[in-house]
Protein chains: 2
Amino acid sequence: MVEKSKPATLSDVARLAGVSVATASKALNGRAQVRASTREKVFRSAEALSFIPNPLAQGLLSGQTGTVGLLTSDLEGRFSIPIMMGAEDAFGADSTSVFLCDARGDAIREQHQLRALLSRHVDGLIIVGARPDPRRSLGPDITVPVVYAYAPSDDPEDYSITSDNVHGGRLAAEHLLGIGRRRIGIITGDSGYGAAHDRVTGAAEALHDAGLEPVEAAFFGSWSESWGRGATRILLEGHPEIDGLICGSDQIARGAMDALRELGREIPDDVAVVGHDNWEVLATDARPPLSSIDMDLQELGRRAAEKLFEAIDGRPSHGIEKLPCRLMVRGSTTPTH
Amino acid sequence: MVEKSKPATLSDVARLAGVSVATASKALNGRAQVRASTREKVFRSAEALSFIPNPLAQGLLSGQTGTVGLLTSDLEGRFSIPIMMGAEDAFGADSTSVFLCDARGDAIREQHQLRALLSRHVDGLIIVGARPDPRRSLGPDITVPVVYAYAPSDDPEDYSITSDNVHGGRLAAEHLLGIGRRRIGIITGDSGYGAAHDRVTGAAEALHDAGLEPVEAAFFGSWSESWGRGATRILLEGHPEIDGLICGSDQIARGAMDALRELGREIPDDVAVVGHDNWEVLATDARPPLSSIDMDLQELGRRAAEKLFEAIDGRPSHGIEKLPCRLMVRGSTTPTH
DNA sequence: CTGTTAGCGCCTTCAG
DNA sequence: CTGAAGGCGCTAACAG
């Protein structure tokens, strides 16, 4: 049966070592004023009892709990996850643990979760938005430091870290230019997303720098495969000369690739394709595997965590920081001859 | 600037109400021996100071922290997420908060996270495996209740809840039979997965019950689109008469659908296709949208949380519980005539 | 160097 | 019905 053996406390350790709790505490915490032999003895006792300091007690004293809240609006979505992983990474399990909450995109629920988190005296909060556009700030009267990740806060006093979508668009275009493509089309998602526009802007800038422009103004639609298919057909009807295609998401790119194949175009020899998000399950198994812009979300999560640490430490940042994207090259932009 | 106003403590409330901390405590916790008017006064003071009891202090006393650990091996993967959401649901943010840890499939790391979680005195643990096959038990000497979700524990003394894969396979086959298909093929993933075999078994049973059998022994391979494509070509070469196809995952199904289309088969009129996992991003945007077996993972998470609660409450369960699957019908099995 | 004392915020006896 | 006292596990002053 389950041994309900209460975990050892510091006084157990002290008793076993034949010293007082204070001495034991000092020894274990590496305070200076302890004789080496005593320290040794205490350590052995702690070991023997497999003593783990109770963080509740520590927290009660220090006012810090060693916990942070991660409030996401969209667990289902794949954006929150790598960010969380990055944050977890940066915190390191022993020093800081992460409370996860998902508000499911509901403001009431968010408020609720927030109260719960604060009542647990988290040392800080990371707010992960569901989409890359700005979101409402929680306001300045939250009692703990807050960092906004992915979706920036609309208050410049807050600190936010988000993906540099302009850079991502630029990267895609430069890559296509780099492999000699000159007649480039752009298909992207919902025009209600600022990120969609930013990526187009970046791509257009890169083309412009090369003395080019897109074969036609970017197509906005939805973030779906079917839009990718439909838009590609329309685009190629108007511009059969296209040799490069920038897609606003990997889903769109997958649709586009299907349509291209059905129109008899070889990828990448006739048309090279770049996606966005680097969603592995879609990208790696495409025909050919899809080159894609990676937002480096795990790094984003890591940075968010570091900044939160600094803020907890009394060194807060402000404004919106943009993390550059990376290009993941696969077969869809690697000519075979 | 950030108001570092220390949160109010019980003694603040007591002072404001003009009573002792003991009385304030009793009043707020609804203990009987307090005059109504006093209680009222205390409540108002608490309100005024927006007092929130410090759970650290409470936990220190009671031994319960109101937290549980959710240890997953595979955050990246899509299986952990709905389970976490379900668990979060069941716990409700106020009573219990969830510490999230991802071991990234590394046993050392898992051990590490586990220690961290235990040192935080979580009240219980949910272990979410990365794949539906049994995993090593954490053993009986964990000091808190444990529930295994998705991947069952290999120790029958533990309580595990997992998806009923045999049932899922059966469901897929019965559905195809129900729309009149009789010449049914099965393509599935890695034969190293017990779940792959279970799903095949369930499908074969259902066919057998109808006096049929698969056109050929199930094809095992990998959980990828490319395997779906390749296997479908081989299968149709040997059995061009096929009118129904059961796939072990949605990725395989997507590959299979591509291959079928390229072989000139109409879906679903010539060949109806069922996937497994009901991974929305793949299923809903397929051509036509893909019918799929849903493992109801969110419900699985909810059940895991409930069982954990019971165990914390001193009413532990044992053995492996299997949650039935659900069928999600879409266009790939909805004949158009 | 080591031990004693005093809390952190809260709850629970036990006297008044 | 209310308050004073003790203690949960730990650390930070101070004494010794």
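Computation of the quantities below employed the complete heavy-atom set of this structure, encompassing side-chain atoms and omitting hydrogens, waters and symmetry-equivalent molecules. Keep in mind it's a predicted model, so treat the numbers as computed, not measured.
- Distances shorter than 4.0 Å separate some side-chain N or O of B:Thr38 from OP1 or OP2 on D:dT2.
- Judged by closest nucleotide on DNA chain C, B:Leu60 is the one of B:Leu60 and B:Ala22 placed further toward the 5' end.
- Comparing B:Val21 and A:Val21, the nucleotide of DNA chain D nearest to each residue sits closer to the 5' end for B:Val21.
- The phosphate of C:dC11 has OP1 or OP2 within less than 4.0 Å of a side-chain N or O from B:Asn29.
- Across the protein-nucleic acid pair, B:Leu56 atom CG and D:dG9 atom C1' stand 12 Å apart, rounded to whole Å.
- Among the atoms of the strands shown, only primed sugar atoms or phosphate atoms (P, OP1, OP2) are found under 4.0 Å from some heavy atom of B:Leu10.
- Rounded to whole Å, atom C1' of D:dC8 lies 13 Å from atom CG of B:Asn54.
- For B:Thr23, no side-chain nitrogen or oxygen approaches OP1 or OP2 of D:dT2 to under 4.0 Å.
- Annotation: cation-pi pair B:Arg131/B:Tyr193 present, NZ/CZ under 6.0 Å from the ring centroid and within 45° of its normal.
- The distance between atom CG of A:Asp12 and atom C1' of D:dC8, rounded to the nearest whole Å, is 13 Å.
- Atom CG in B:Leu49 sits roughly 14 Å away from atom P in C:dG9 (whole-Å rounding).
- Taking atom CZ of residue B:Arg39 and atom C1' of nucleotide D:dC1, one finds them 11 Å apart after rounding to whole Å.
- At distances below 3.5 Å, not a single donor-acceptor pair connects side-chain atoms of B:Ser50 with backbone N or O atoms of B:Ala46.
- Closest non-hydrogen pair, B:Cys101 versus A:Glu88, comes out as CA-OE2, 3.1 Å.
- Without hydrogens or angle criteria, B:Asp133 side chain to B:Ala151 main chain gives no donor-acceptor distance under 3.5 Å.
- Under 4.0 angstrom from either OP1 or OP2 of C:dG9 there lies no side-chain N or O belonging to B:Gln58.
- Regarding contacts with the backbone of D:dT11, a side-chain N or O of A:Ser25 is found under 4.0 angstrom from either OP1 or OP2.
- Between D:dG9, C:dC10, C:dT2, one nucleotide has an atom nearer to the side chain of A:Lys26 than all others, and that is C:dT2.
- At D:dG3, one or more side-chain N or O atoms of B:Ser20 fall inside 4.0 Å of OP1 or OP2 (strictly under the cut-off).
- Under a 3.5 Å cut-off, the side chain of B:Asn29 and the backbone N or O of B:Lys26 do not form any donor-acceptor pair.
- Taking atom CG of residue B:Leu61 and atom P of nucleotide D:dA5, one finds them 18 Å apart after rounding to whole Å.
- The distance from atom CG of B:Leu28 to atom P of C:dG9 is 16 Å, rounded to the nearest whole Å.
- At whole-Å resolution of the value, CZ in A:Arg15 and P in D:dG9 are 11 Å apart.
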